[in-house]
Number of protein chains: 2
Amino acid sequence: MDKIYIDASRVFKALGDPRRAMIVDMLSCGELCACKILEKFDISQSTLSHHMKLLCECGLVVGRNEGKRTYYSHSAEGIAKTKQFFCDITSDKENCICRRNKF
Amino acid sequence: MDKIYIDASRVFKALGDPRRAMIVDMLSCGELCACKILEKFDISQSTLSHHMKLLCECGLVVGRNEGKRTYYSHSAEGIAKTKQFFCDITSDKENCICRRNKF
DNA sequence: ACCTCACATTGAACTTTTTCGATAGGTTAA
DNA sequence: TTAACCTATCGAAAAAGTTCAATGTGAGGT
């Protein structure tokens with residue numbers, strides 16, 4: 001299995017949870033600290049921390065520490081890469097010019 | 001939890017498996033019958049059938065029966081919807097004009 | 001120094017997903 | 001009508017993901 005599929009799948013897996021997809025949407029309005037995000041969900045603090053970790057590890061979100069708070073925001077690079085990958089695997093390739101595989 | 005996140009997350013969850021992401025990529029060269037897809041993976045036939053079912057159920061892929069074979073191909077509508085959703089939740093919204101939520 | 005606050009980590013229970021072998025259903029070929 | 005072929009479904013086992021309470025960590029405030 002090509003590493004490129006595994007890396008991209010990690011991002012999609014992260015977005016595969018409705019709460020995490022909603023968190024990414026929330027961050028489109030700008031960075032938010034964890035406590036603000038937590039207010040919007042009926043989950044424990046440790047659960048949110050786990051979700052944020054996954055979003056950061058897949059490269060879609062970045063965290064920034066300021067004092068005792070952590071602010072999260074979109075990672076423009078991670079988002080661009082994911083968008084590109086999605087377009088790559090979903091756009092029709094004439095004459096079967098598959099860049100990743102030869103089928 | 002808004003239904004729109006749940007529906008979109010189902011697609012991302014489907015793409016969250018590297019094999020399924022690879023299958024979607026394979027289909028960008030045009031429709032393929034299940035047996036051709038199966039050749040490319042070291043998995044059982046029933047496992048592939050399960051993967052294809054998930055890809056179809058989330059709306060990203062469509063199946064077509066012809067004789068004893070089943071041909072799978074991209075669903076242009078499902079792909080367009082998913083792309084739109086991804087753009088919605090990842091594009092910066094000035095002045096916090098969040099369409100889905102008010103944060 | 002001590003306490004509180006914000007967040008991360010750990011460990012365990014629970015749920016979901018993945019996978020395969022076995023089997024069923026429908027199609028084509030002999 | 002058999003038999004072979006292709007795919008879907010079922011049931012069970014294994015793997016992975018989710019969640020929370022408890023605890024750890026590190027920054028500020030008293």
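Labels below follow one simple rule: chain letters A, B, ... track the order of the sequence lines, proteins then strands, and each chain is numbered from 1.
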B/S/- contact track for nucleotides 16-30 of chain C, protein heavy atom under 4.0 Å: -SSBBBB----BS--
Going by salt bridge (Lys or Arg N to Asp or Glu O under 4.0 Å), name the residues that satisfy it together with B/R20, two or more places apart in sequence or in a different chain. none
Below the 4.0 Å mark, does D/dA8 have OP1 or OP2 next to a side-chain nitrogen or oxygen of B/Y72? yes
In plain terms, say whether B/K93 and A/D25 are close enough for a salt bridge, that is, a side-chain N and a carboxylate O under 4.0 Å apart. yes
Would you mind reading off the distance between B/L32 atom CG and D/dT7 atom P, rounded to a whole angstrom? 11 Å
Quick one: side chain to side chain donor-acceptor pair (under 3.5 Å) partners of B/R10, sequence neighbours excluded? none
To the nearest angstrom, how far is B/E39 atom CD from D/dC6 atom C1'? 13 Å
Those residues at least two apart in sequence (or on a different chain) that pass salt bridge (Lys or Arg N to Asp or Glu O under 4.0 Å) with B/R64 are B/E31, B/E66
Rounded distance in Å - CE (B/M52) to C1' (D/dT9): 16 Å
Measure from OH on A/Y71 to P on C/dA8 and round the result to the nearest Å. 13 Å
Output all residues satisfying side-chain contact (heavy atoms from CB on, under 4.5 Å) with A/C33, sequence neighbours left out; order by chain, then residue number. A/C35, A/K36, A/R69, A/Y71
Which residues pass the salt bridge (Lys or Arg N to Asp or Glu O under 4.0 Å) test with B/K53, sequence neighbours left out? none
